[in-house]
2 protein chains.
Amino acid sequence: MTPAGRRILDAAGGLFYREGINAVGVALVSDTAGVTKKTLYDRFGSKDELVVHYLRRRHENWWAHLDERLAAAAAPRTLALMDAYLSHPELDVARGCAFINAAAELPPGHAGWRVIREHKEAVRARLAELIAEDAPGADAGDLAEHVFLLLEGAIAHRGIDGGDARVHKAHDLVARLLREAAPR
Amino acid sequence: MTPAGRRILDAAGGLFYREGINAVGVALVSDTAGVTKKTLYDRFGSKDELVVHYLRRRHENWWAHLDERLAAAAAPRTLALMDAYLSHPELDVARGCAFINAAAELPPGHAGWRVIREHKEAVRARLAELIAEDAPGADAGDLAEHVFLLLEGAIAHRGIDGGDARVHKAHDLVARLLREAAPR
DNA sequence: CCTGAGGTATACCGATCGGTATACATTCCA
DNA sequence: TGGAATGTATACCGATCGGTATACCTCAGG
């Protein structure tokens with residue numbers, strides 16, 4: 001990735017997330033990156049491709065943050081995953097989940113859909129692993145789906161409520177579920 | 001509301017929901033409604049106003065459907081609310097929740113935000129009433145928030161998964177929560 | 001009777017959309 | 001040393017955006 005390419009992705013990352021994908025034109029992205037539109041098209045070919053790169057990078061950054069937090073966390077690490085959503089520096093409390101937002105904007109068949117689905121499935125799978133670790137006796141798949149739904153509901157409402165209250169609430173509910181599933 | 005106004009709202013309802021608000025121009029709405037752009041602007045003044053009317057009507061239609069289903073339902077009616085999401089004729093399995101989608105597209109300060117927040121709060125409040133009815137002993141507020149998060153997570157993922165599986169899963173989880181909260 | 005509300009039809013506005021073309025620098029490496 | 005590769009700067013393309021203007025039709029009610 002060339003330096004200009006990186007600056008374009010930086011600009012696109014902020015703008016697509018904060019303003020919405022359809023509301024941001026390629027000219028605004030290139031201007032914000034301090035780059036010509038030609039450079040943007042030389043690197044990414046089309047806006048649709050740029051959107052796919054934006055989503056991929058968003059997932060990679062989030063995943064790196066999650067790994068870092070999990071490595072430093074004590075049990076139960078399921079709760080550390082919930083906390084990672086609160087500490088993720090790219091998450092704007094007024095905009096919620098970038099992937100849910102993108103799903104609301106992208107037309108059917110857009111290549112970004114695959115990135116969105118893979119991201120959500122990766123989170124769900126990681127959750128199942130952590131739950132198997134925190135509540136060895138329980139039905140990890142069932143509990144993982146339960147926790148995943150709580151998490152997604154809370155994250156989706158971050159943008160609507162404009163606050164973290166529901167994420168904290170989900171955190172507490174998950175803590176209780178874990179206690180019930182694996183009483184020490 | 002004049003006949004042309006109603007047809008405009010019908011067209012806008014389908015288009016804004018299925019294609020997204022920013023992806024649909026006023027000309028497409030008026031053409032689909034079989035109406036002139038002038039008529040659209042005479043009735044609604046601006047696209048932003050039309051969007052607010054769209055969201056309000058969406059809420060009213062959903063609420064009427066919910067009331068109808070609840071009136072015909074046996075206990076536990078909390079589950080009837082979950083079922084209403086599956087039977088709502090305006091819900092497209094590939095597009096999820098119209099309000100969550102709109103929240104992803106509307107700029108901050110848009111008048112539609114108020115409609116979105118009021119809609120979600122109305123659902124949460126109705127849920128609390130039903131839970132108080134289904135599980136009289138339990139902490140209705142706490143359980144309502146739990147169920148609400150499960151519901152929102154499932155609805156938000158309807159559009160992403162392209163299916164009802166998570167809504168059914170949430171339904172089953174809620175059924176179990178109710179059983180635990182009010183053992184007969 | 002005639003006025004005003006609700007319409008249609010059509011043309012237009014400036015701005016912005018995604019995307020392309022042309023011409024000219026810089027830098028690095030074979 | 002001499003091309004690719006990576007850039008900048010600028011102008012342009014047709015299409016569409018939200019919104020307005022003008023002219024005319026129809027029909028119900030005081």
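Here is how names work: the chains are called A, B, and so on, in the same order as the sequence lines, proteins then strands, and each is numbered from 1.
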Distance below 4.0 Å between B/Thr2 side-chain N/O and C/dA5 OP1 or OP2: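 No, B/Thr2 has no side-chain N/O under 4.0 Å of OP1/OP2 on C/dA5.
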At under 4.0 Å, does any side-chain N or O of A/Thr39 touch on OP1 or OP2 of D/dT8?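 So the side-chain polar atoms of A/Thr39 do come within 4.0 Å of the phosphate oxygens OP1 or OP2 of D/dT8, strictly under.
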Any idea which of [options] is nearest the [X] side chain?
| X | options | value |
| --- | --- | --- |
| B/Val35 | D/dG19, C/dT8, D/dT8 | C/dT8 |
| A/Ala4 | C/dG18, C/dT10, D/dG7 | D/dG7 |
| B/Lys38 | D/dA23, D/dT8, D/dT20 | D/dA23 |

Can you measure [X] atom [atom1] to [N] atom [atom2] for me and round it to whole angstrom units?
| X | N | atom1 | atom2 | answer |
| --- | --- | --- | --- | --- |
| A/Leu40 | D/dT8 | CG | C1' | 14 Å |
| B/Met1 | C/dA5 | CE | C1' | 15 Å |
| B/Arg43 | C/dA5 | CZ | P | 10 Å |
| B/Asp31 | D/dT16 | CG | C1' | 13 Å |
| B/Asp42 | C/dT8 | CG | P | 10 Å |
| A/Tyr41 | D/dA9 | OH | P | 19 Å |
| A/Asn22 | C/dT16 | CG | C1' | 14 Å |
| A/Lys47 | C/dT20 | NZ | P | 15 Å |

Hey, are the side chains of B/Leu50 and B/Leu9 touching, using non-hydrogen atoms and a 4.5 Å cut-off? yes
Hey, which of these two, B/Lys37 or A/Gly5, hits DNA chain D nearer its 5' end, going by closest nucleotide? A/Gly5
Classify B/Val24 by what it touches in the nucleic acid, base, sugar-phosphate, or nothing, heavy-atom distance under 4.0 Å. sugar-phosphate
Under the criterion side chain to side chain contact (heavy atoms under 4.5 Å, CB included), I'd like the reasoning laid out for B/Leu81 against B/Val174: C-alpha separation, chi angles, the key distance, then a yes or no. CA-CA 11 Å; B/Leu81 186 147; B/Val174 170; over 6 Å; no
Backbone of B/Ala154 reached by a side-chain donor or acceptor of B/Lys169 within 3.5 Å: no
Verify, without hydrogens or angle tests, whether B/Asp164 (side chain) and B/Val93 (backbone) share a donor-acceptor contact under 3.5 angstrom.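 Pair absent, no side-chain N/O of B/Asp164 close to backbone of B/Val93.
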Can you tell me how the ring of A/Trp62 sits relative to the ring of A/Tyr85, calling it parallel under 30°, perpendicular over 60° and tilted otherwise? tilted
